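Note that ligands are numbered from 1 as they come in the structure, with each ligand's atoms numbered from 1 the same way. Computed from a prediction, not measured in an experiment: that's the story for all the values here.
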Amino acid sequence: MARALYQRRVSSFDEMTDLSHSIRQTLHDEFQWGLTPHHKVDISIDGTKKYLFPAEGKFVEAAYIPELNRKTLCLSTQVGCKMGCLFCMTARQGFQAHLTAGEIINQVRSLPEGHELPNIVYMGMGEPLDNLEETLKSLEILTSDWGMGFGTQRVTVSSIGIMPAMEEFFARSKVRFAWSLHNPFEDERQNLLPVQTVHGLSEILQFLKTIQLTDTRRMSIEYIAFAGVNDTPRHVKELVRILHGLKIRVNLIRFHPIPGTPLRGSDEKTLQFMKEALAAKGVPATVRKSRGQDIYAACGLLSTKALLKPTAVEDF
Ligand code: SF4
């Protein structure tokens, strides 16, 4: 049955013709089909699409990002988020609900482009490790031979780092991991990610240094660069120091300003300086391209708060 669902991608119990009529009837009687088509799609001038999927009686967003040789789906694991990161629109929405594994997988399975997806990143709405069991279940469905058969190197989970959930994640899954670091100094990082007073930088770092990496299991750092906040030579020097001994790439990310925050994104020159200064010290770094900003699909901009009540964006 799993093969019919995830590999043949049938769209009703009736299409499971390898099952007897009576079993199909039982499935009809006992189970809901569970696939939910998208409610709405916004299309960016750069080709990025933002899909709105119903989940938990509310909505979540998934961003589909096509590039020349690579297509990526950025999916959500929660409606809203509890973590309260200062730079994030999802945080402004507060927390509404955890998604089930079915609702996470629905974003892949019901995506019109789902059949051609090479990469999946858990970087949409929510903190995946705050919804650990459903995230792990969805990863199993995505990467199992009996499921959708995605190679583990094509799936990345991003997290601010929550202990002990990270230990479970690394023990029970083989996909890639992206740590949202954003500042190498513990106290400064706590200003950006208030919840990190509970799950501290040094504890996470110590744990990550124990993980055995392979060609397929890699780790990266997500680093949104804010002008004058975390983009100075002092920050680069500390980044190099704390990442020593970790085989890890730093993804420098442009900040897309959100209403009501004094934070501003670093300019191009500073991003290039950071990239080169890190590389010169043996830390590979890239500046990530910005995608879907005009439809609020870019990094940190996903939010369905406007759909919860009619006051929309000016309310943020
Ligand atoms: S950045 Fe991620 S963890 Fe932080 S509030 Fe936004 S969705 Fe949650």
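For Cys81, the nearest N, O or S atom to atom 8 (Fe) of ligand 1 falls under 2.8 Å.
Under the 6.0 Å distance and 45° angle rule, Arg288 does not count as a cation-pi partner of Tyr223.
At distances below 3.5 Å, not a single donor-acceptor pair connects side-chain atoms of Arg217 with backbone N or O atoms of Gln212.
For atom 7 (S) of ligand 1, the nearest protein heavy atom (residue, atom name, distance) is Gly126 N, 3.6 Å. Atom 4 (Fe) of ligand 1 has as its closest protein heavy atom Cys85 SG, 2.4 Å.
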Start with the C-alpha distance between Glu140 and Arg172, add both sets of side-chain angles, then the distance that settles salt bridge (Lys or Arg N to Asp or Glu O under 4.0 Å), and finish with yes or no. CA-CA 9 Å; Glu140 191 182 354; Arg172 292 166 56 190; over 6 Å; no
Kindly determine whether Val60 and Leu99 satisfy side chain to side chain contact (heavy atoms under 4.5 Å, CB included), including the steps that lead there. CA-CA 9 Å; Val60 289; Leu99 299 194; 3.9 Å; yes
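Contact atoms of ligand 1 toward Cys88: 1 (S), 5 (S), 6 (Fe), 7 (S) (distance under 4.0 Å to a heavy atom of the residue).
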